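Computed from a predicted structure; not experimentally measured. Labels below follow one simple rule: chain letters A, B, ... track the order of the sequence lines, proteins then strands, and each chain is numbered from 1.
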There are 2 protein chains.
Amino acid sequence: MTGESPKEQRADARRNRERILAVARGVVHEQGTEASLRDIARRAEVGLGTLYRHFPTREALLEALLRQGFDRLAGRAEALGESGEPYEALVEFLRELIGGAGAYRGLAGSMMATISDEQSPLHASCMAMRSAAGRLLERAQAEGRIREDIDGTDLFALANALSWITDQAPSLGSRRDHLFGLVMDGLTRDPE
Amino acid sequence: MTGESPKEQRADARRNRERILAVARGVVHEQGTEASLRDIARRAEVGLGTLYRHFPTREALLEALLRQGFDRLAGRAEALGESGEPYEALVEFLRELIGGAGAYRGLAGSMMATISDEQSPLHASCMAMRSAAGRLLERAQAEGRIREDIDGTDLFALANALSWITDQAPSLGSRRDHLFGLVMDGLTRDPE
DNA sequence: ACCTGAACACCGTTCAAGT
DNA sequence: ACCTGAACACCGTTCAAGT
């Protein structure tokens, strides 16, 4: 076999990749998901082409930036799946998902747009998230606390929509928990 | 007094303004609220500076584009306010508001962003809309069909958030009515 | 193998020069 | 009074040239 070993990168390449990610985290935090890639390359003191070599699309960069948070959320879903209180577990997960989607301005939009786009590097992460939510949802439905006519995609969309509200109008941030409560009440089984 | 009469415009000015609006309607329909202003000027066969003279900001152009629809919605709210069925009137108005906010891609976002920005030309229209919704809301609350812990801004935010969902992920369009129903159920008075 | 920056085709916005 | 387009300062993306 040839001596190729994909995990071996040249030292400068590896260093550049990490510089870019570190800088990008800060810039995206300041400017949101539409931050200037040129600006990121500049602040990372790296050629513009270098940024493109490591992250061929903006979404690829975002994906690298967000993967850690996604993994953490997936882990939380796993843990909450063990809980003896399915409804409370679902509520807690959604609360954390909404908080996470509010981490960067524009993130909720990226998440939603990715639903339709299977090519997006973020697609896998979103799928994982929706499946995780779906499992918690089914448990809560089996328990009878949540209506049957809802699926994981509905839930994911509503959670992102709530994040989006404070994304667009930060002045409504104080209402976020309240609006979340309203939506959750809509999801509970109607009294028959 | 001086002979100034602001309603008199030079014929070419008036014609240009209308050309721009007509073209902008089409382009914004195609490309959403972030459409290229240059492109609009080009297609209207008008100098770029002319567009800026008539509409100093993108929001000013949007406002002119949307005013008609806003007025129509305000009229609907007025008419529905006469209805003998406050709850049904509110639901119908929200349904039309959500449909209207889905007219152009990005419109829901403009509406939400305008809540915090009093300088925006769209601010007056949004205020009018929220007041209209607020009056219908209060009637439905007085009737006891809607919870008391909601105000017009909450309602406006939720309606825009629902529009935004299909804005971002058109594939979820078929779920829109369903999600609207869920949210409405959350707004109804909980059984005590 | 990787980095670099010039080059290209776009933007939004302003403003001196024209009629 | 109004129109025009060049000028400026930005973008994202690609790619020939370097090491």
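Atom CG in B:Asp39 sits roughly 6 Å away from atom P in C:dC11 (whole-Å rounding). We find that CG of A:Leu48 is positioned 11 Å from P of D:dT14, with the value rounded to whole Å. Here D:dT13 presents its C1' atom at 16 Å from CZ of A:Arg53, a figure rounded to the nearest Å. Regarding A:Tyr52, its OH atom lies at a distance of 19 Å from the P atom of C:dC2, rounded to whole Å. Between the CZ atom of A:Arg58 and the P atom of D:dC11 there is a distance of 11 Å, given to the nearest Å. One atom, CD of A:Gln9, and another, C1' of C:dC2, lie 10 Å apart when rounded to the nearest Å. Atom pair A:Leu51:CG and D:dC15:P shows a separation of 17 Å (rounding to whole Å applied). Across the protein-nucleic acid pair, B:Ile20 atom CD1 and D:dC2 atom C1' stand 12 Å apart, rounded to whole Å.
For the residue pair A:Gln168 / B:Asn160, no side-chain donor-acceptor distance below 3.5 Å is found, with atom types taken as modelled. A:Asn16 and A:His54 share no side-chain donor-acceptor pair at under 3.5 Å.
When both pairing distances are held under 3.5 Å, D:dA6 makes a Watson-Crick or G-U pair with C:dT14. Pairing of C:dA1, defined by two Watson-Crick or G-U wobble distances under 3.5 Å, is identified with D:dT19.
The phosphate of C:dA1 (OP1 or OP2) has no side-chain N or O of A:Arg14 nearer than 4.0 angstrom. Phosphate contact (OP1/OP2 of C:dC2, side-chain N/O of A:His54, threshold under 4.0 Å): absent. Checking the phosphate oxygens (OP1, OP2) of C:dC2, no side-chain nitrogen or oxygen of A:Asn16 falls inside 4.0 Å. For A:Arg10 and C:dC2, the shortest distance from a side-chain N or O to OP1 or OP2 is not below 4.0 Å. Within the 4.0 Å cut-off from OP1 or OP2 of D:dT4, not a single side-chain nitrogen or oxygen of B:Arg38 is found. For the pair A:Ser36 and D:dG12, the criterion of a side-chain N or O lying under 4.0 Å from OP1 or OP2 is met.
One hydrophobic cluster holds both A:Leu48 and A:Leu61 under the rule that ILVMFWY side chains link at heavy-atom gaps under 4.5 Å. A:Leu107 and A:Leu21 end up in the same hydrophobic cluster when Ile, Leu, Val, Met, Phe, Trp and Tyr side chains are linked at under 4.5 Å.
Comparing A:Leu37 and B:Gly49 against DNA chain D, the residue whose closest nucleotide sits nearer the 5' end is B:Gly49. Between B:Thr57 and A:Gly47, the one whose closest nucleotide on DNA chain C sits nearer the 5' end is A:Gly47.
Paired with B:Tyr87 under the rule side chain to side chain contact (heavy atoms under 4.5 Å, CB included), one option of B:Glu92, B:Gln141, B:Met184 passes, and it is B:Met184.
Among the heavy atoms of the strands lying under 4.0 Å from A:Arg42 are primed sugar atoms or P, OP1, OP2 only; no base atom is included. B:Ala11 comes within contact range of no nucleotide atom at all, as no heavy-atom separation falls under 4.0 Å. Across all strands, B:Ala41 comes closer than 4.0 Å to no nucleic acid atom at all (heavy-atom distances).
Classified by interplanar angle (parallel below 30°, tilted 30° to 60°, perpendicular above 60°), the ring pair B:Trp164/A:Trp164 is parallel.
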